[in-house]
Amino acid sequence: MTSSREFRSQEIYVNMGPQHPSTHGVLRLMLRTDGEIVSDVAPMIGYLHRCAEKYGESGTYQMMIPYTDRMDYLAGMNCNWAYCLAVEKLGNVVVPERAEYIRILVGELNRIASHLIAFGTYGLDLGAFTPFFYALDEREKILDLFEMVCGARLTYSYFRIGGVAADLPEGWVKRCHEFIDFFRKRIDEFNELLTYNYIFIRRTANIGVIPANMAVDYGCTGPVLRGSGMRRDTRVDEPYGLYPRLRFHIPIGMGEKGSVGDCWDRYMVRIREMEQSCDIIKQVLKSMPEKGDVRAKVPKAFKPPKGEVYVRSESSKGELGFYLISDGTDRPYRVKARSPSLSNLCVLPAISDGMMIADLVATLGSLDIVMGEIDR
Amino acid sequence: MVTMPILENRFEENVVFSTVDEMINWCRLSSIWPMTFGLACCAIEMMAVGAGQYDLDRFGAGAFRATPRQSDLMIVAGTVTYKMAIRIKRLYEQMPEPKFVMALGVCASAGGPYYEHGYHVLKGVDKIIPVDIYVPGCPPRPEALFDGLLKLQEKIRHQKVLRRLTPQEKSVIDETTRKYELETQKLTPLPKEYQV
Amino acid sequence: MQIQELFEALKKKFGDQVLELATPASGEPSVTVSAQAVQEVALFCREDSSLEFDQLMCLSGVDYPPEHLAVVYHLHSSTKHHRLVLKAMVPRQEPKLPTVSRVWRTANWHEREAYDLFGIVFTGHANLRRILLPQDWVGYPLRKDYVFPTEYRGIKCHD
Amino acid sequence: MNDSYGVRHLQKHIWENHAFSHIFNADFLGFALMVIAGVALLTFVLVYGMVAVWAERKVAGHIQDRLGPMRVGWHGWLQSLADGVKLMLKEDIIPTMADKPLFILAPPLVFLAAFTAYAVLPFSSRAQLADLDIGVLYITAVTSLGVVGIIMAGWASNSKWPLYGAMRSAALVVSYGVPLGLSMLPVLMLSGSLSLQEIVGNQGGGILHWNLFQALPFMPLAFLVFFISSLAETNRVPFDIAEAESELVGGYHTEYSGINFSLFFIAEYSAMLLSCGVAATLFLGGYLPPAFRTLGMMGLPRLLAWLALGLFLLWRFTSFWERRQFSEALFFAVLTLAGLLLWRTFPHLFWFLTKTGVLFLVMLWLRWTLPRLRIDQMMYMCWKVLTPLAFVNLLGTSLWWMWAN
């Protein structure tokens, strides 16, 4: 008998990235492969390390807000929000009610926008081009709404410490309503096009399975953790803003097409979260006060008392936390961003053993990472 | 440019060669294939430009190629860090002539918001590769990218392919080449012990 | 459990190794432990049935010149729904403390990041190399006395 | 001595009995005609390749809610010309570490494999370069040469991604050749010939006589297997793993630039047209019109009257002319006239191109709709689904044939 060792072919090292179409930015993966089978993956990050934490210490509290936009550039509003939450908790600022509602509105819209990109690029990773274009068309409508409130398409800086920069413009609520009503139907179309496609299911079900305990151990959060069947959502577990007033459902992976925690589950959690976000926006539009302050009075030289705080919030990628240390001056002593994508990515080497290259691409896409947030 | 060493820049200015040049330039400007190469936030806007609402393909520039060998335009979309700079330089060298570079957004143009304390941010991609078009904005709107593309087309339209260059044009090209060749020599490779 | 109870539980188990409970004017209170005991404390926090801190939310380095560097661990228990902030101070001259990357796997990259940006050495870490910056980078940028480089591999850093 | 005699004898034998021998034995005029016809065919394939690329981009655009090329000529119809000239004038990089002769040889070989097969494709009853007795065999043999070129390209690039692409492509083409060949056999059985002309000739008499509708349900099944396999043979979605952009950057042509890359590009599209043409020939009646006694017999005046009526209705009941620019109207008019002219003068060519075009559009449609399969799933599909299906189908057809005769 010959042992399988004798049949082993030569293993080669392949460099995937930093310029590679499916690494979602400038991630570099070092693969050790035996033919099509990947035997080892080493992610290398830092190609987009833009020193955001240094900037946090170098400017005043307000000056950090634009840099948070550029961390997770797909969900700038959510990053703004997380940072502002931390500063507000540090300085005991109370946010007016209308501002809280507006925050939820733009935050959830941005979650949809971010998930749309995840949906579209996931299609691209698997070789389906058209979903990407459909997703971006819808996203443009959300960006139009954002442009109405803050004038920017991608880097909003709409949040201020103690509120938001400006009230909603006239006609915004109506357009938002129209968009949500239209978009709910559009999700079904997406499902027909990609989600329930036979080839798509074959490519994603039972691939890249992350068991729940492993997901927790590696610090995965957001859709990745929920895809593994854990009903964890910071919006419910540690509510912030006015989330306790809203009724919504946390979708989790249930292993419908394969086993719990596979790529399809993670993908599906995002699709269902878009539906839930639509519901949240509808509720908010209904219960939001017509008029009111959108910004608490916060001095320009904002000096929170000495202390430190770690505040987390649910960004579209998962738990986005900010660790702030104040030394009593108008500049933070230390700003640390705990980015969800970093922890979500670090699970990749653990699950990719014995995969094929195509599966690796599918798994990486289902983690939905953003390099700006990982490298900061 | 080294695409046609026998023919390039060797002919007098006359009706025939002006027309031929015009045709070649028209073909080049009508089919600018960009490289799928996103760095940061601006890459998302680049994706938006490629998508339905804006549709870069209308200009014949929608065939995003994943490999530098087949692309004409490198859109440096986003912040360039030192770790990435060396790779960008190599990607640029892998592209075939004639190649063009667009610095999309202020980060790629000059360091942008990361100019002051960005210890790891390259202050403008033009420090390592020659840039044809700078597009301002953080990130630039899709319309700005279109504007940059049209400007680039305008630039290509007036290039001399077969016709002889004037001494001034020649000196400008020589100087740029020399500058970036010097830069290339200065870039030291990663020390052996750090290579994986 | 409240922070006071957590502190007492740790104090009971580790005695002198748990140094103090700091309650700042605003924000969260934190428990300072001695740097050498970090690994045992972490393991206890994770394994003890009354604590069950299964999530390491965040691990950050902080620079307190001129003497100290600190490592801050933010723990959360997804079953008991309580959280704890652990702090460990290390001397700036020789910033060394044991790794917790075997207790929570997620600490692996966070520790590498702290090493990269602060120069804190985590003993026992399997792969303690720079993660964000290039391998041949000089200095630890998030330290308060960091001097910006003038040149990196032949590229001028400032005009 | 003995040996060399044997070889010479063999050469002589081959020379005299070679399938092409009549070409070489014919007079010089015939040879020159052959060359002219070959050049015409080459021109046709190149022009067709350009049109196909343009069509692909436009179809993709419209499927994706956008427009596609718009600026280069009317609706970008000169786009491919611009692309082609640009690629020709681009620097041709040969990597330092590449295997130079193989690297240069590979793209022409791939193109040649796709192009040579056109020699036996019957565009009409007369427009065929060579009516070989073994036409079907010839096509299968020649097209499978393309994979050699692809492997050469992948190997010679001396880079890892192209190597992966080449290996994938080799595995793919070798495997899918089996169901492809097996799904052709029922057709040969019905026609009793390997000559493509005869296969077409046997399908005369209208749409119901096409091979597709014979021996129900076996022939439609054979067509399906054939079409799926030919998708795989031409590396189209959902079988495009050889150049899977999101996995292998560019696959086997990652390192190619300039004119060599454009050769790959044209080769892909001409292989597509070839397989569509073969499918049309084998199953859809080739160049024969779908029905004999309807439109074809209509006189020119009556036809023009119908056309005028149609245009009048369009103008009356839609805002056709208002929405369209003059140049667009001109384009449509020219297209219609050209189609009409083609139909009246070369009806066979017209029907052949129409059928091929429809199949080609289906290929595009699939490409922009479906995700890509993984390599092991494709192997599974080939060996465990399509091949057994083709075998069963073959058996069924032969039983049907025995019963029918």
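Chain letters run A, B, ... following the sequence lines, proteins first, then strands; residues in each count from 1. In this text the structure is predicted, and so the values were computed from the model without any measurement.
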Between [atom1] on residue [X] and [atom2] on residue [Y], distance to nearest 0.5 Å:
X        : Y        : atom1 : atom2 : answer
A:Thr155 : B:Glu45  : OG1   : CD    : 8.0 Å
B:Met84  : A:Arg28  : CE    : CZ    : 10.5 Å
B:Ile44  : A:Thr121 : CD1   : OG1   : 8.5 Å
B:Lys83  : A:Asp375 : NZ    : CG    : 7.5 Å

Practice task
Considering only heavy atoms, give the residues of residues 56-72 of chain A separated from chain B by less than 4.5 Å, sorted numerically, with 'none' for an empty result.
Solution key: A:Ser58, A:Tyr67, A:Arg70
Practice task
Flag yes if more than 12 heavy atoms outside A:Glu178 fall under 6.0 Å of its CD atom; otherwise flag no.
Solution key: yes
Practice task
Take atom CZ of A:Arg32 as the centre, draw a 6.0 Å sphere, and report whether it contains more than 12 heavy atoms from other residues, nucleotides or ligands.
Solution key: yes
Taking all non-hydrogen atoms of both residues into account, name the closest pair between [X] and [Y] and its distance.
X        : Y        : result
A:Cys51  : B:Val121 : SG-CG2, 4.3 Å
B:Met47  : A:Ile117 : CE-CD1, 4.0 Å
B:Tyr114 : A:Arg50  : CD2-O, 3.1 Å

With a 4.5 angstrom heavy-atom cut-off, is it the side chain or the backbone of [X] that approaches chain B, or both, or neither?
X        : answer
A:Ile45  : backbone
A:Glu147 : side chain
A:Arg153 : side chain

Exercise for the section: Could you check which of B:Ala51, B:Ala43, B:Gly50 has the highest count of heavy-atom pairs closer than 4.5 Å to chain A? Expected result: B:Ala51
Practice task
Look at B:Ala48, B:Pro68, B:Pro113, B:Ala77 and state which one has the largest set of heavy-atom pairs under 4.5 Å with chain A.
Solution key: B:Pro113
Practice task
Enumerate by number any residue of residues 35-42 of chain B whose heavy atoms lie under 4.5 Å from heavy atoms of chain A; in the absence of such residues, state 'none'.
Solution key: B:Met35, B:Thr36, B:Phe37, B:Gly38, B:Leu39, B:Ala40, B:Cys41
Exercise for the section: For chain A, find its close neighbours in residues 129-142 of chain B: heavy-atom separation under 4.5 Å, sorted by number, or none. Expected result: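 Heavy-atom contacts from residues 129-142 of chain B to chain A are B:Cys138, B:Pro139, B:Arg141, B:Pro142.
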Donor-acceptor list for residues 124-135 of chain A side chains, cut-off 3.5 Å, not counting sequence neighbours:
from: A:Asp125; atom 1: OD2; to: A:His24; atom 2: NE2; distance (Å): 2.9
from: A:Thr130; atom 1: OG1; to: D:Trp368; atom 2: O; distance (Å): 2.3
from: A:Tyr134; atom 1: OH; to: D:Ile63; atom 2: O; distance (Å): 3.0

With chain B as the partner, which of [options] has the greatest number of non-hydrogen pairs under 4.5 Å?
options                              : result
A:Lys54, A:Arg139, A:His49, A:Met371 : A:His49
A:Gly46, A:Ala42, A:Gly372           : A:Gly46
A:Asp137, A:Val370, A:Leu48          : A:Leu48

Fill in the blank from the handout: If one checks every heavy atom of B:Tyr54 against chain A at 4.5 Å, the contacting part turns out to be side chain
